[in-house]
Every structure is written in structure tokens, then in C-alpha cells.
Amino acid sequence: MTRYDMVVIGSGAGLMVLEEALKQGLKCALVEKSKIGGTCLTKGCIPSKMLVYPADFIRDMERAGRIGIGVGKPELHWDTISKNMWEQIDFHEKIEKNLLSMSNLHVYKGAGRFTGPDSLAVWYEDGRPEDHISGEKFILAAGARSFVPDILGLEATGYLTSETFFGEKFPDKPWESLVIIGGGAISTEFAHIFSAFGTKVTILARASTILNKEEEEIAQFVTQQFVQSGVEILTDVDVTSVSKDKYGKYVTAVNRVTGERQTILCQEILIAAGVQSNGDTLDLEHTGVEVDRRGWISTNEYLETTQKNIWALGDLNGKYQFRHKANYEALILSHNLFKAGKEKRREAFYDVVPWTIFTHPQVAHVGMTEREAQKSGLAYKTAKNYYSEVVGGIAMGFRKQDGDNGFIKIIVGQNKKILGVHIVGPQAALLLQPFVYLMNEGYECPQMGTYEPISESMVIHPSLNELTAWVFEKFD
Ligand SMILES: Cc1cc2nc3c(=O)[nH]c(=O)nc-3n(C[C@H](O)[C@H](O)[C@H](O)COP(=O)(O)OP(=O)(O)OC[C@H]3O[C@@H](n4cnc5c(N)ncnc54)[C@H](O)[C@@H]3O)c2cc1C
Ligand SMILES: NC(=O)c1ccc[n+]([C@@H]2O[C@H](COP(=O)([O-])OP(=O)(O)OC[C@H]3O[C@@H](n4cnc5c(N)ncnc54)[C@H](O)[C@@H]3O)[C@@H](O)[C@H]2O)c1
């Protein structure tokens with residue numbers, strides 16, 4: 001049995017810790033059962049944004065008349081759009097080649113499961129005999145996978161998840177109609193993409209609104225914009241069954257409040273009902289690693305699990321599922337493992353986690369919603385400003401009475417402390433990011449006037465903010 005100084009399971013943000021370990025000259029193993037690069041690169045943030053941008057462009061063209069530009073009906077070149085997207089996904093091959101050339105690293109392309117607190121079996125899909133390895137330290141970065149609700153007829157009818165969409169079920173052309181089950185981030189990004197590409201989209205959401213983690217006014221605003229663009233939204237519904245015949249797929253949903261039943265005919269069904277931990281694939285019962293009742297691995301502020309030689313980061317610990325959050329944790333862990341003495345260890349904080357839903361209009365979020373501020377009992381005040389109130393927005397064609405006139409809403413506590421910021425409209429991610437830096441100043445970053453609030457903050461991924469924030473990593 002080969003023994004390693006460090007074994008990393010999962011090649012998303014896990015790669016960042018691995019790279020640091022390799023730089024230190026440690027003998028390392030990487031265990032990855034799928035494409036190297038993880039969800040973000042191969043089936044998440046990056047390929048989805050290669051589709052979002054063309055969809056944004058179509059929506060901008062549609063409103064160009066307001067600023068005095070005439071354009072014809074946009075023509076969709078699906079081959080070009082798909083090619084650009086697959087080029088990004090295929091980057092995993094380059095990363096793998098590079099890793100394979102490293103002398104102090106062995107890459108195991110299989111599924112890892114613990115056989116003891118410091119030993120792992122690697123199982124291969126192609127039937128090769130298992131490998132057995134052991135390690136001094138283990139980094140769990142195995143992420144999460146789509147949660148598929150138990151719906152009558154679903155398996156027999158067939159459906160997509162983000163994993164199969166960015167895989168074997170990628171369509172030859174946009175569907176004529178699509179039902180999306182779920183009303184969160186994936187749902188609203190895919191609804192934007194495919195409605196702009198001409199697909200008739202219906203969203204079936206269990207909650208009383210789509211985007212139910214967002215500021216209520218913003219969820220309503222996006223709902224109105226979607227309806228305006230022809231997206232049908234049914235909220236408060238339970239999907240009870242699906243079936244198919246020669247005309248297509250049928251999705252039946254029952255309103256949880258009124259009991260009304262509705263059946264929708266569509267060409268394809270996308271499940272976007274949240275994610276579940278991949279912790280259950282790791283046979284953690286052979287270790288002392290504790291998981292919570294939903295299977296997320298419990299970690300403390302140092303990303304330590306309850307087993308002293310095992311750390312966990314990213315989606316797997318259930319604390320916000322964003323790539324920039326996983327990166328933040330990977331940097332903290334690398335620092336603590338390789339650069340710090342015990343007393344100088346960095347702690348992970350989750351008070352200032354920003355995100356952007358790249359739907360249309362874009363939605364950006366950091367800190368508390370007003371409802372959360374109310375619940376907290378803190379004294380607070382709010383303020384709103386609309387795109388139509390500033391020349392930049394007016395020049396983009398926004399007027400007070402326009403239905404798509406987006407806004408920023410801030411929630412501020414005592415002593416001018418920023419509690420929450422929510423933006424809906426063009427470039428929301430870019431507009432939000434400075435608030436993230438401010439919210440971190442004097443908290444994560446003790447000295448004022450340095451670039452630390454930028455370099456130490458989470459930077460919304462994948463947004464153009466990375467252009468300005470990552471420059472601090474490029475010193476000669
Ligand atoms: C469609 C979509 C769009 C998204 N868009 C955004 C976005 O715009 N911005 C954003 O910040 N986040 C986005 N996310 C979320 C983001 O992708 C995740 O938060 C992030 O990738 C998590 O990184 P990770 O390193 O924790 O896990 P992952 O990147 O998921 O890596 C885990 C890896 O572990 C492997 N693995 C799992 N179990 C085992 C095992 N037993 N043995 C071996 N290997 C194993 C998996 O194959 C996987 O490659 C999106 C997600 C999806 C699905
Ligand atoms: N731009 C981004 O940062 C981005 C984009 C896409 C995905 N993501 C991440 O990926 C993860 C997965 O995205 P997601 O959209 O699947 O999850 P999500 O948690 O954002 O949304 C899931 C939604 O589905 C609803 N739901 C659950 N079960 C349902 C059912 N049976 N029927 C109808 N609705 C149901 C939930 O109420 C929830 O609103 C998220 O955690 C998110 O953080 C991020």
C-alpha cells in the first residue's frame with residue numbers, strides 16, 4: 001500500500017491545496033472520479049456563463065431600440081456557442097496533462113472511499129482492481145451533486161441535471177420547450193439562457209417565489225421580467241408525476257395552496273432542485289469524520305473535521321455553495337497547513353459571502369436581506385436607488401416608469417455598518433463587489449489603506465471583478 005504525505009479527494013478547489021503541497025515537495029495523491037477541474041470548470045460556473053453571455057447579448061439587442069439603435073432579430077449560431085463552451089470544459093485535459101507530469105504526484109482517476117481513518121480504496125468504473133493507499137493528511141474536496149426529487153415516472157421518462165446537460169445529454173440545438181423543476185440559481189440562469197435562445201420555458205418552484213434566498217422585492221422584480229420575456233412560472237407547487245408519449249414529456253404539478261392540478265407538455269425536463277453532499281460516497285463511517293443530518297461534513301473555522309488528520313472544504317461542508325467560497329477556504333487551509341505556525345492560523349468567516357445569479361436581470365447579494373435584519377432584532381434603515389436616477393442608467397435607456405428599471409437596496413445598521421446589499425440590473429456583480437471589500441475592512445483586514453480588503457475578500461465568480469482583484473497575485 002503506497003503511503004502519501006497528503007491525499008486530496010476532488011479536483012475542484014482541492015487542486016489549490018494540492019498545488020501548495022506539491023510546491024512544498026510533499027508526496028501527494030489526487031483522487032478524482034470524473035474530469036479534472038471539478039464542477040465549476042467542467043459542469044458549472046464556467047460553461048454556464050459561456051451560455052449566459054450570448055443570452056445577455058440577445059436581451060440587450062432586444063432593448064436597443066430604446067437607445068436609438070435598430071437591430072434585426074438576432075440569429076443564433078448554436079454551433080459557435082457550443083464550441084466556445086466545450087473549449088472551456090476541455091481545458092480539463094490540459095490541467096490533467098500538467099498534473100500527470102509532476103514527479104511527486106500520483107493521480108488516481110477513480111472514486112475514493114475510506115477503509116480506515118488514514119486509508120482509502122480507489123474504485124474504478126472500468127472494472128480495474130481497486131487501489132489501496134494511505135496518507136498522513138487527507139483533504140476532502142469532493143463537492144456536491146444534483147439532488148433529484150423522488151417523482152413518480154421520472155426515471156422512466158428521462159430528465160436532465162446540470163451534470164448530464166454539460167455531458168452526454170447536451171442538446172444538438174435549443175429545445176422547443178423546457179420545464180425546469182426548482183426555482184433557484186440554476187433554474188433562473190437556465191431559464192434566462194433558453195428563453196433568450198427561443199425555448200418556451202416553464203419553471204415549477206416549490207417555494208412561494210423563485211429566488212427565495214434573495215431580497216423579496218428582487219425576487220418579484222425578476223419574476224416580472226421573466227413573465228415579460230415569456231417564461232411561465234408556477235410557484236407553490238409539488239411536482240407529482242412525469243410521463244412521456246410520442247408528443248413529448250408531461251409534467252404534472254399540484255398547487256400546494258389551492259390543490260389545483262396542471263399538466264405541462266414539454267420537450268425536455270431539467271431538475272434544478274438543489275444539491276446534496278458527496279460525503280455519502282466516501283464511507284466516512286470508517287473515520288471519525290462527523291456529518292450533519294443532511295450529510296454535510298462538519299468543519300470548524302480552520303476547516304478541520306472531527307478526525308484530526310482530515311480537513312474538508314468547498315461544497316462538501318454545506319456552508320454556501322459557490323466557487324469563490326471554496327477558493328477562500330482552500331487559501332485559508334493552504335496557509336494554515338503550509339505557511340503558519342499554530343498561533344498565526346487564519347480562520348474562515350462566513351459573514352461576508354457575496355454571490356451573483358447570472359440571470360436576466362442579474363442579481364447580486366451580500367449580507368442580510370431585510371427580512372433577516374428584521375429577524376435579527378438589529379436596528380437598521382434601508383435605502384434604494386434606481387438605474388433611472390443616474391446618468392449612467394439613463395444613458396442605457398432606463399426611465400422611471402420602465403418595468404425593467406433595476407435598483408440597489410442597502411440595509412444599514414447602527415454606526416453606518418453595512419448589513420446587506422442587493423442589486424438587480426445590468427452589471428450587478430460589478431456594482432456589488434466594492435461593498436464586499438468595505439464590509440471586510442477592519443474585520444478580515446486590520447490595516448487601513450492597503451489593498452488587503454480586496455485581496456482577502458471573496459470575489460464573485462465568474463465576474464469581471466476577478467480582473468481587478470486577481471492583479472494582486474501577479475507581482476513579479
Ligand atoms: C450549473 C452550475 C452553475 C454554477 N455557477 C456558479 C457560479 O456562477 N458561481 C459560483 O461561485 N458557483 C457556481 N456554481 C457552484 C460551484 O460550481 C461550486 O460551488 C464549486 O464548484 C464547488 O467546488 P468544490 O471544489 O467544493 O467541489 P467540486 O468542484 O464539485 O469538486 C468535487 C470533485 O470531487 C469529485 N468527487 C466526488 N466524490 C468523489 C469520490 N468519492 N472520489 C473521487 N472524487 C470524487 C467530483 O467528481 C468533483 O470533480 C455552479 C454550479 C452549477 C452546478
Ligand atoms: N451564479 C451562481 O453563483 C450559481 C449558479 C448556479 C448554481 N449555483 C450553486 O449551485 C447550487 C445548486 O443550484 P440549484 O439552483 O440547484 O439550487 P438552489 O438551492 O439555488 O435552488 C433550488 C431550488 O429548488 C427548489 N426545490 C427543491 N425541491 C424542489 C421540488 N421537488 N420541486 C420544485 N422545487 C424544488 C428549492 O425551493 C430552491 O428554491 C446552489 O447551491 C448554488 O449556490 C450558483
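All ligand and atom numbering here is 1-based and tracks the order in the structure. Computed over heavy atoms, backbone and side chain alike; hydrogens, waters and symmetry mates excluded.
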Nearest option to atom 3 (O) of ligand 2, as decided by whichever heavy atom of F147, F322, Y320, W355 sits closest: F322

With heavy atoms of L282 as the reference, note each atom of ligand 1 found under 4.0 Å away. 41 (N)

Close side-chain approach of K49 and E189, heavy atoms under 4.5 Å: yes

Any K49 heavy atom less than 4.0 Å to ligand 1: yes

Mode of I186 contact toward ligand 2 - side chain, backbone, both, neither (heavy atoms, under 4.0 Å): both

When you check the gap from the basic side-chain N to the acidic O, do E87 and K83 get nearer than 4.0 Å? yes

How many angstroms lie between atom CZ of R346 and atom NE2 of H335, to the nearest 0.5 angstrom? 6.5 Å

Answer with yes or no whether K43 contacts ligand 1, where contact means a heavy atom under 4.0 Å from a ligand atom. yes

Evaluate E216 against K409 for salt bridge (Lys or Arg N to Asp or Glu O under 4.0 Å), listing each step before the verdict. CA-CA 11 Å; E216 282 164 41; K409 175 170 177 178; over 6 Å; no

Considering only heavy atoms of S48, which atoms of ligand 1 have at least one such atom less than 4.0 Å away? 3 (C)

Any P47 heavy atom less than 4.0 Å to ligand 1: no

Would you kindly specify which portion of E189 sits under 4.0 Å from ligand 2, judged on non-hydrogen atoms: side chain, backbone, both or neither? side chain

Among non-hydrogen protein atoms, atom 39 (O) of ligand 2 lies closest to N212 OD1, 3.4 Å

So, for W78 and F170, is the gap between ring centers shorter than 6.0 Å? yes

In ligand 1, the atoms that come under 4.0 Å of a heavy atom of A13 are 25 (O)

Within-cut-off N or O pair, S162 and ligand 1, under 3.5 Å: no

Lys/Arg-Asp/Glu bridge criterion (N-O < 4.0 Å) met for D126, K109: no

heavy-atom search around atom 4 (C) of ligand 1 in the protein gives C45 N, 3.4 Å

Interfacing atoms of ligand 2 (cut-off 4.0 Å, heavy-atom, L204): 33 (C), 34 (N)

Which ligand 1 atoms, with their elements, are less than 4.0 angstrom from a heavy-atom of H324? 11 (O)

Closer than 4.0 angstrom: is that true for some heavy atom of R323 and an atom of ligand 2? no

Would G314 count as a polar contact of ligand 1, with the cut-off being nitrogen or oxygen pairs under 3.5 Å? no

Give the residue, atom name and distance (to 0.1 Å) of the protein heavy atom nearest atom 35 (C) of ligand 2. R206 CB, 3.8 Å

heavy-atom search around atom 18 (P) of ligand 2 in the protein gives K213 NZ, 3.8 Å

Looking only at heavy atoms, is any part of N278 under 4.0 Å from ligand 1, and if so is it the side chain, the backbone, or both, or is it neither? side chain

Could you check which of T356, I357, L211 puts a non-hydrogen atom nearest to atom 1 (N) of ligand 2? T356

Would you mind telling me if ligand 2 is within reach of the side chain of P149, the backbone, both or neither, using heavy atoms under 4.0 Å? side chain

Nearest heavy atom to atom 23 (O) of ligand 1 wins, so pick from A141, C40, A326. A326

Would you check the N or O atoms of S11, main chain and side chain alike, for any that come under 3.5 Å of an N or O of ligand 1? no

Nearest-0.5 Å distance, CD of residue E329 to CG of residue L303: 5.0 Å

If you measure every N or O of V239 against every N or O of ligand 2, does any of those distances drop under 3.5 Å? no

Proximity of I9 to ligand 1 by residue part, where a heavy atom lies under 4.0 Å: side chain

Nearest candidate to atom 51 (C) of ligand 1, where distance is taken over non-hydrogen atoms, out of S277, G44, A144: G44

Any idea which of G274, C45, G184 brings a heavy atom closest to atom 16 (O) of ligand 2? G274

I'd like to check K200 versus E232 (side-chain heavy atoms, cut-off strictly below 4.5 Å). Are they in contact? yes

Can you check which of D236, I271, V275 brings a heavy atom nearest to atom 12 (C) of ligand 2? V275

Could you measure the distance from the CD1 atom of I233 to the OG1 atom of T223? Nearest 0.5 Å is fine. 4.5 Å

In terms of its nearest heavy atom to atom 29 (O) of ligand 1, the top option of L120, V31, T39 is T39

Any side-chain heavy-atom pair from M16 and L333 closer than 4.5 angstrom? no

Please tell me if the side chains of F166 and T42 come closer than 4.5 Å, counting only heavy atoms from C-beta onward. no

Please walk me through it: do H324 and H461 pass ring-ring contact (aromatic ring centres under 6.0 Å, His included)? CA-CA 6 Å; H324 45 268; H461 180 72; 7.1 Å; no

Tell me: protein heavy atom nearest atom 45 (C) of ligand 1, and distance? K33 CG, 3.7 Å

For atom 48 (C) of ligand 1, closest protein heavy-atom neighbour: E32 OE1, 3.5 Å

Nearest non-hydrogen contact to atom 23 (C) of ligand 2 from the set A144, G183, P462 belongs to G183

